[in-house]
**Q** 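For reference, the structure I am asking about is given below.
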Amino acid sequence: MLECVHWVLYLSVLVAFAACNAPPVPLDDIIIEKTFEPEQCVRAVKVGDYVRYHYIGTFPDGKKFDSSYDRSSSYNVFVGKKQLIEGMDKALVGMCVNERRLVKIPPQLAYGKQGYGDIIPPDSILHFDVLLLDVWNLEDGVKINTYHAPATCLRKVEVSDYVRYHYNGTLLDGTLFDSSHTRMRTYDTYVGIGWLIAGMDQGLLGMCVGERRIVTMPPSLGYGENGDGSDIPGQASLVFDVVLLDLHNPRDGITVTNQQLPESCPRKTVAGDFVRYHYNGSLLDGTFFDSSYSRNRTYDTYVGHGYVIAGMDEGLIGVCVGERRTITIPPHLAYGEEGTGSKIPGSAVLVFDVHIIDFHNPSDSTKTTVTFKPEQCDKQTKKGDFIKYHYNASLMDGTSIDSTHNYGKTYNIVLGANQVVPGMEDGLMDMCVGEKRHLVIPPHLGYGERGVTDEVPGSAVLIFDIELVDLEEGLPEGYMFIWNNDVSPDLFGEMDKDSNKQVEASEFTDYIMRQVNEGKGRLAPGFDPYRIIDNMFSNQDRNGDGVITEAEFKLKADEPAAHDEL
């Protein structure tokens with residue numbers, strides 16, 4: 001038994017020795033080992049495709065005979081058209097971009113018995129480590145894949161439109177060659193008129209603002225055989241990940257949408273009107289750049305006279321108080337190619353959501369509408385009358401300002417004495433007790449450009465609903481005191497109680513107040529009586545010595561001009 005064991009071991013050693021020294025078993029066909037497969041394979045190589053790939057060529061013993069990496073250039077060729085050794089032609093079919101294969105090619109599918117010069121001996125088996133970078137076909141056109149579409153699309157890109165977009169540009173294997181994002185600036189250009197490579201000209205057509213798409217193009221529609229510098233090799237397919245931010249046409253005018261009209265609109269704006277409005281301003285992709293609301297103050301301006309950008313000048317014509325509208329303005333009617341600062345880029349379309357608060361014209365007067373008039377009207381208000389009235393005050397948008405009803409008492413003034421704004425003076429004239437009116441007062445007859453701090457905005461139109469409650473007739477213009485009866489012929493003597501030929505202030509005041517109390521005379525209503533009497537005394541005291549002499553004393557009729565005196 002022991003001899004048999006030795007014999008078996010001896011035979012095993014002989015077999016092992018023969019195997020180590022035997023010539024390689026010839027290959028009947030290529031052998032492919034996939035050393036890396038990408039997660040996705042959008043397209044696999046077919047016969048007739050053009051490919052770009054890197055490779056390292058070695059013999060079975062590992063000795064390198066060639067490498068595209070050493071030349072820093074991919075190998076570019078059509079597949080299946082006998083531009084390669086037969087084994088490589090077969091090995092590339094079915095490969096995906098970024099796939100890596102180890103290919104073993106027998107001599108009959110490589111350089112055969114002839115070999116290749118001093119580089120590849122006859123009957124050599126060749127090993128190739130292949131990485132596929134690119135694949136395309138002469139029949140390829142632009143391929144578009146929209147992976148995000150906005151909810152609404154009012155308009156799509158057409159030939160001759162001007163667009164602003166961001167992009168990442170890569171080769172088919174994912175190598176980044178350019179990006180607008182890294183420059184933090186959009187790419188701005190006309191579409192369809194040759195300002196772009198042909199593939200991008202086609203790839204942008206039909207896009208909506210906010211849309212995102214992948215645009216893939218063969219080199220014939222990109223940078224062709226020569227590529228572009230060191231970043232884009234020749235015969236490279238290009239992939240652009242694009243988001244469209246803006247779109248307009250040089251022929252565009254403004255667009256008005258989302259109009260919300262008030263129930264009534266007695267008047268619409270015309271050129272020359274002064275308008276107060278609120279707005280939110282954004283770019284076409286929704287990027288916010290400004291708002292009057294954030295400043296808690298309306299934007300106030302004349303319209304139609306170039307005080308605002310041309311598109312807004314046009315968009316604010318023909319609006320009603322209370323109207324809301326969206327005004328879309330192309331750049332040539334806004335801030336043009338330069339934009340403004342960091343908020344509005346050059347060539348940007350602007351979108352303004354506008355709410356009209358009020359407007360007026362510098363030529364406007366107070367608009368008075370009688371809402372109630374009593375049947376009996378014996379007296380009407382005039383300058384100098386002392387009147388009492390109630391009012392509710394508001395802005396044009398309905399914002400309440402003030403109301404006498406909140407205080408439980410009337411507002412009392414002397415008409416024509418500049419105790420209220422001019423527009424109110426106008427609106428209270430020729431009014432009957434019990435009458436009600438609706439007044440619209442433009443700011444130049446109200447509180448002007450400054451308004452009233454925390455109450456009335458600057459340049460605001462005012463609305464007053466008024467009711468006249470009482471009326472005390474005033475004195476003739478120029479008079480602060482009148483006699484109800486004939487004037488005493490010894491007026492000075494009646495004032496001079498102590499008969500010292502001069503009237504002191506106390507004597508003068510006592511006498512006038514007695515005449516008023518007894519109904520013989522009347523002071524102008526609505527003023528402090530003692531201030532009126534003091535003024536009358538000062539006018540009679542010609543030399544200002546504190547007393548009135550008989551020589552100084554004169555009646556109103558004797559005066560050359562109107563004074564607040566007898």
Side-chain angles (χ1 to χ4, degrees), residues 141-168 180-181 185-215 217 240-261 279-291 308-319 323-340 343-355:
V142 172
K143 182 180 179 182
I144 295 172
N145 174 30
T146 296
Y147 64 92
H148 173 76
T152 58
C153 181
L154 300 177
R155 176 175 176 178
K156 296 182 178 181
V157 176
E158 298 178 358
V159 171
S160 81
D161 281 343
Y162 193 89
V163 297
R164 296 192 309 109
Y165 62 94
H166 270 304
Y167 70 89
N168 286 321
S180 63
H181 297 282
R185 183 175 180 180
T186 56
Y187 195 84
D188 310 338
T189 185
Y190 287 97
V191 176
I193 61 173
W195 285 32
L196 293 161
I197 54 175
M200 188 61 83
D201 250 353
Q202 296 178 33
L204 291 171
L205 292 176
M207 281 194 84
C208 305
V209 171
E211 182 178 339
R212 295 174 180 267
R213 57 171 57 172
I214 304 292
V215 180
M217 63 192 71
F240 290 91
D241 187 342
V242 180
V243 55
L244 186 65
L245 302 183
D246 201 343
L247 155 68
H248 78 277
N249 195 284
R251 299 186 300 271
D252 287 348
I254 67 166
T255 302
V256 176
T257 56
N258 302 326
Q259 282 183 285
Q260 299 177 34
L261 296 173
Y279 70 87
N280 285 319
S282 62
L283 304 181
L284 206 56
D285 66 345
T287 301
F288 171 85
F289 64 80
D290 193 19
S291 173
V308 289
I309 56 175
M312 187 63 82
D313 237 2
E314 182 181 348
L316 291 173
I317 297 294
V319 295
E323 181 177 340
R324 296 176 184 268
R325 57 169 51 180
T326 299
I327 305 171
T328 304
I329 304 175
H332 52 274
L333 298 176
Y335 294 100
E337 296 181 4
E338 300 300 322
T340 173
K343 292 185 177 180
I344 300 178
S347 300
V349 176
L350 306 183
V351 180
F352 290 93
D353 291 312
V354 174
H355 182 202

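Numbering starts at 1 and runs along the sequence shown.
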**Q** Can you tell me which residue among V215, I214, D241 is in a side chain to side chain contact (heavy atoms under 4.5 Å, CB included) with N145?
**A** I214

**Q** By side chain to side chain donor-acceptor pair (under 3.5 Å), which residues pair with Y162, not counting sequence neighbours?
**A** none

**Q** Can you tell me which residue among D188, V157, D246, V209 is in a side chain to side chain contact (heavy atoms under 4.5 Å, CB included) with V163?
**A** V157

**Q** Give every residue pair that meets the side chain to side chain donor-acceptor pair (under 3.5 Å) criterion with at least one member in residues 204-213, sequence neighbours excluded.
**A** T146-E211, E211-R213

**Q** Taking side-chain contact (heavy atoms from CB on, under 4.5 Å) as the definition, give me every residue that meets it alongside T255, ordered by chain and number, with sequence neighbours left out.
**A** T257, T328

**Q** Please output the side-chain donor-acceptor pairs of residues 191-203 that fall under 3.5 Å, not counting sequence neighbours, one pair per line with the distance.
**A**
residue: D201; atom: OD1; partner: G192; partner atom: N; Å: 2.7
residue: D201; atom: OD2; partner: G194; partner atom: N; Å: 3.2

**Q** State which residues pass ring-ring contact (aromatic ring centres under 6.0 Å, His included) with H355; sequence neighbours excluded, sorted by chain then number.
**A** none

**Q** Tell me, please, which residues at least two apart from Y167 pass side chain to side chain donor-acceptor pair (under 3.5 Å).
**A** D178, R183

**Q** Sequence neighbours excluded, which residues qualify as salt bridge (Lys or Arg N to Asp or Glu O under 4.0 Å) partners of D285?
**A** none

**Q** Decide side-chain contact (heavy atoms from CB on, under 4.5 Å) for L247 and V349; before the verdict, give the C-alpha distance in whole Å, the side-chain angles of both, and the deciding distance to 0.1 Å.
**A** CA-CA 7 Å; L247 155 68; V349 176; over 6 Å; no

**Q** With sequence neighbours left out, write down each residue that passes salt bridge (Lys or Arg N to Asp or Glu O under 4.0 Å) with R324, or none if nothing qualifies.
**A** none

**Q** Please name all residues satisfying salt bridge (Lys or Arg N to Asp or Glu O under 4.0 Å) with E323, sequence neighbours left out, ordered by chain then number.
**A** R325

**Q** Can you sort out the partners of D353 under side chain to side chain donor-acceptor pair (under 3.5 Å), two or more places apart, ordered by chain and number?
**A** T326

**Q** If you draw a 6.0 Å radius around CD in Q259, do more than 12 non-hydrogen atoms from other residues or ligands fall strictly inside?
**A** yes

**Q** Quick one, S180 with T186, criterion side-chain contact (heavy atoms from CB on, under 4.5 Å). Give me CA distance, side-chain angles, the key distance, then yes/no.
**A** CA-CA 6 Å; S180 63; T186 56; 6.0 Å; no

**Q** With sequence neighbours excluded, what pairs up with Y335 under the ring-ring contact (aromatic ring centres under 6.0 Å, His included) test?
**A** none

**Q** Please enumerate all residues that pass side chain to side chain donor-acceptor pair (under 3.5 Å) together with R155, with sequence neighbours excluded.
**A** D161, D252

